[in-house]
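Any value given below was found using the heavy atoms of this structure, including those in side chains, with hydrogens, waters and symmetry copies removed. So you know, we letter chains A, B, ... as the sequences are listed, proteins then strands, and number each from 1. Just so you know, these numbers come straight off a predicted model, no measurement behind them.
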Amino acid sequence: MKDSLHQLVLQAIASLREQALLPADAEAPFVIERTRSAEHGDFATNAALLLAKAARTNPRALAQALVAALPQNPQIAKVEIAGPGFINFFLAPAADHALVRRIHAQGDAFGRNASGGGKTAGVEFVSANPTGPLHVGHGRAAAIGDCIARVLDANGWNVKREFYYNDAGVQIGNLALSVQARARGLKPGDAQWPADAYNGDYIADVAQAYRDGAHVEADGTVIVAARDTDDLDAIRRFAVAFLRREQNADLAAFGVRFDVYFLESSLYAEGKVDDTVRELVGHGHTYEEGGALWLRTTDFGDDKDRVMRKSDGTYTYFVPDVAYHYSKWTRGYLRAITELGSDHHGSLARVKAGLQALDCGIPNDWPEYVLHQMVTVMRGGEEVKLSKRAGSYVTLRDLVDEVGRDATRYFLIARKADSQLVFDIDLARSQSNDNPVYYIQYAHARVCSVLRQLDERGLQWDRDDGLAQLARLDNEHEAALMTELARYPEIVDSAARTLEPHLIAQYLRELANALHAYYHAHPFIVDDAALRNARLALIVAARQVLRNGLDLLGVSAPESM
RNA sequence: GCGCCCGUAGCUCAACCGGAUAGAGCACCGGCCUUCUAAGCCGGCGGUUGUGGGUUCGAGUCCCGCCGGGCGCGCCA
């Protein structure tokens, strides 16, 4: 609807140009937007406000001319000029009826669109190194990344979820030493306990499994523990596999799966890091100084140049990062979304600089970054400190076990990524009306319950008759609910454009509210069969949209609660 | 010191490429269950959008300066 209104206004502008009421080159980035209140109609445009100057007239007069030039459209009941020169559109009931029929016809596909054209978009998120369990911050990353992936999919993109991890760096070395120390019976605090070791209890679990000769499978590879506490390399391989398996299990419990697990070590093994360095040198963006190889990232907007190869011959971490993103490019990811904690934002400029320096046609706005701010966890009114090294922190698994997958996902997705988030465990756990996720799920279950009630009363819902009788829906609650339903495709589009999945969560609450309000204002199971069928057609449409929206969040839509 | 993000009701947060009277939830006050689940609905209270300027028909939104909070500023990852 938004699009067709946009077209109508464009036609009106073109018409005014022909009449010389507007200069021939007059155009403006006008918008069609939902109004805030019903008295302003359903949609409004600011076209007259933006074009008034070019027309050398006042906005209201121009609005008059635009309205006069608007092509007729049966879905528009009324057009008004209001305020400083807004043009307000009032939709005809027929537009709402067509919408309800469309929801029934499209079902699970309602709200989806093909704007992505089937092109490939890679969404990288979590990308935690296998040095310990996932914590609540990873949970936020998982919820946001997975939801972005679902939203892009709903917009017609071929989405690849990708998890990148370092399986061979310094931190992994510390991990191996930690497990080895535990396997030798040492504990944190002991004189011989390694200085940079991980102190969490989970290290003891890994060590125990290693000594037991356990075999673990992770990311498609099986590793059997060598049991030899002197074989640090074997310990490392085992520990990585063990913790990767744990992380995968936690993510699976959270409802998140990946298409690609990308190992940093593979970049070295396949010579991709060397290739990248060679390309950068070849394009003349590097220089040697102080025994190190530098990349002139300042040519691409960075604060200062960055060392690529240290004087000891090893690479700094951002070189494989560039190689990794370049591999996404060569794998055909037309869009690459990288979801990170905002504490990594400092590295963005140099990675982008590295990609630009490859001179291979990567656009300046590729990849797209989505950064999320910290999560503060509250329990019993007190902040739970997160410290992996100290070994005491809230794991994602803890949250999913305690709070449930649905509420955890909802709480982590419902807020804009770039604002800090307070996760109140007590609130998320509460199965009460304090908890917004149940509110939405209850709306879905409520429709199911009405249909069950219908059955118990020995009645049947005639869908076709209902869809034919939509004109019987004439009260304000029905109008409000239909307006909410009509917004859904716009929200799906908007969430993908802005990469802001919280819009979905926000919207679903408003949709649920419209349904609950309708429920209380009017009985659905009435004696008048035509009216009954029409009302049921409307609430079943609402149920469909609730289900579709919850699916985008990865939250279940229960039939009863 | 420099860079990025944030600052909106007592609390947690919205506000669709700058739009009309800044909205929800929680908390608080008051109504509504012999009627499809009260995990619900309706009403009320609550704001100088941190602050001072600027841009324009119009600013929570854009620009500049302050104040406050977070994160980052390594030949660490």
Checklist entry - Stepwise, does the side chain to side chain donor-acceptor pair (under 3.5 Å) test hold for A:H6 with A:T45? => result CA-CA 9 Å; A:H6 201 264; A:T45 181; over 6 Å; no
I want to verify a distance call: between [options], whose nearest atom is closest to the [X] side chain?
{"X": "A:H516", "options": "B:rC16, B:rG19, B:rC41", "result": "B:rC41"}
{"X": "A:K53", "options": "B:rC57, B:rG19, B:rU37", "result": "B:rC57"}
{"X": "A:N513", "options": "B:rG19, B:rA14, B:rC42", "result": "B:rC42"}
{"X": "A:A44", "options": "B:rU37, B:rG19, B:rA20", "result": "B:rA20"}
{"X": "A:A292", "options": "B:rG19, B:rC75, B:rC17", "result": "B:rC75"}
{"X": "A:H520", "options": "B:rG40, B:rU37, B:rC16", "result": "B:rG40"}
{"X": "A:Y442", "options": "B:rU12, B:rA38, B:rA20", "result": "B:rA38"}
{"X": "A:H345", "options": "B:rU21, B:rA14, B:rC4", "result": "B:rC4"}
{"X": "A:K310", "options": "B:rA15, B:rC76, B:rU12", "result": "B:rC76"}
{"X": "A:L50", "options": "B:rC17, B:rG19, B:rG69", "result": "B:rG19"}

Would you mind classifying the nucleic acid contact of [X] as base, sugar-phosphate or nothing, using non-hydrogen atoms under 4.0 angstrom?
{"X": "A:E39", "value": "base"}
{"X": "A:H477", "value": "nothing"}
{"X": "A:F524", "value": "base"}
{"X": "A:L503", "value": "sugar-phosphate"}
{"X": "A:F318", "value": "nothing"}
{"X": "A:G85", "value": "nothing"}
{"X": "A:R487", "value": "nothing"}
{"X": "A:A82", "value": "base"}
{"X": "A:S311", "value": "base"}
{"X": "A:D303", "value": "nothing"}
{"X": "A:P59", "value": "nothing"}
{"X": "A:S419", "value": "sugar-phosphate"}
{"X": "A:N58", "value": "nothing"}
{"X": "A:A52", "value": "nothing"}

Thinking salt bridges, do [X] and [Y] make one under a 4.0 Å N-O criterion?
{"X": "A:K2", "Y": "A:E33", "answer": "no"}
{"X": "A:D528", "Y": "A:R532", "answer": "no"}
{"X": "A:E484", "Y": "A:R487", "answer": "yes"}

Checklist entry - Taking CD from A:E33 and C1' from B:rA20, how many angstroms apart are they, rounded to a whole number? => result 10 Å
Checklist entry - Rounded to whole angstroms, how far apart are CD on A:Q373 and P on B:rU12? => result 16 Å
Item to check | Under-3.5 Å donor-acceptor pair between A:Y438 side chain and B:rA39 base | outcome: no
Item to check | Donor-acceptor pair under 3.5 Å, A:N88 side chain vs B:rA20 base | outcome: yes
Checklist entry - So, A:H40 and B:rA20: ring centres less than 5.5 Å apart, planes less than 30° off, yes or no? => result yes
Checklist entry - Ring stacking, A:F86 with base of B:rA20, under 5.5 Å and under 30°? => result yes
Item to check | Residue mapping more 5' on RNA chain B - nearest nucleotide basis, A:R350 or A:A414 | outcome: A:A414
Next on the checklist: Heavy-atom nearest nucleotide on RNA chain B for A:R306 versus A:T498: which residue maps closer to 5'?
Outcome noted: A:T498
Next on the checklist: Within the structure provided, determine whether A:H522 and A:R535 are in side-chain contact (heavy-atom separation under 4.5 Å).
Outcome noted: yes
N or O in side chain of [X] less than 4.0 angstrom from [N] OP1/OP2:
{"X": "A:K2", "N": "B:rC16", "answer": "no"}
{"X": "A:R446", "N": "B:rA38", "answer": "yes"}
{"X": "A:S37", "N": "B:rG23", "answer": "no"}
{"X": "A:Y518", "N": "B:rC42", "answer": "no"}
{"X": "A:Y439", "N": "B:rA24", "answer": "no"}
{"X": "A:K416", "N": "B:rC13", "answer": "no"}

Checklist entry - Which of parallel (below 30°), tilted (30 to 60°) and perpendicular (above 60°) describes A:Y519 and A:F524? => result perpendicular
Checklist entry - Parallel, tilted or perpendicular for A:H516 and A:Y439, by the 30°/60° rule? => result perpendicular
Which whole number of Å gives the distance between the [atom1] atom of [N] and that of [M]?
{"N": "B:rC57", "M": "B:rG44", "atom1": "P", "answer": "37 Å"}
{"N": "B:rU56", "M": "B:rG19", "atom1": "C1'", "answer": "12 Å"}
{"N": "B:rU61", "M": "B:rU49", "atom1": "P", "answer": "10 Å"}

Checklist entry - Any chance the side chains of A:D274 and A:Y315 put a donor and an acceptor closer than 3.5 Å? => result yes
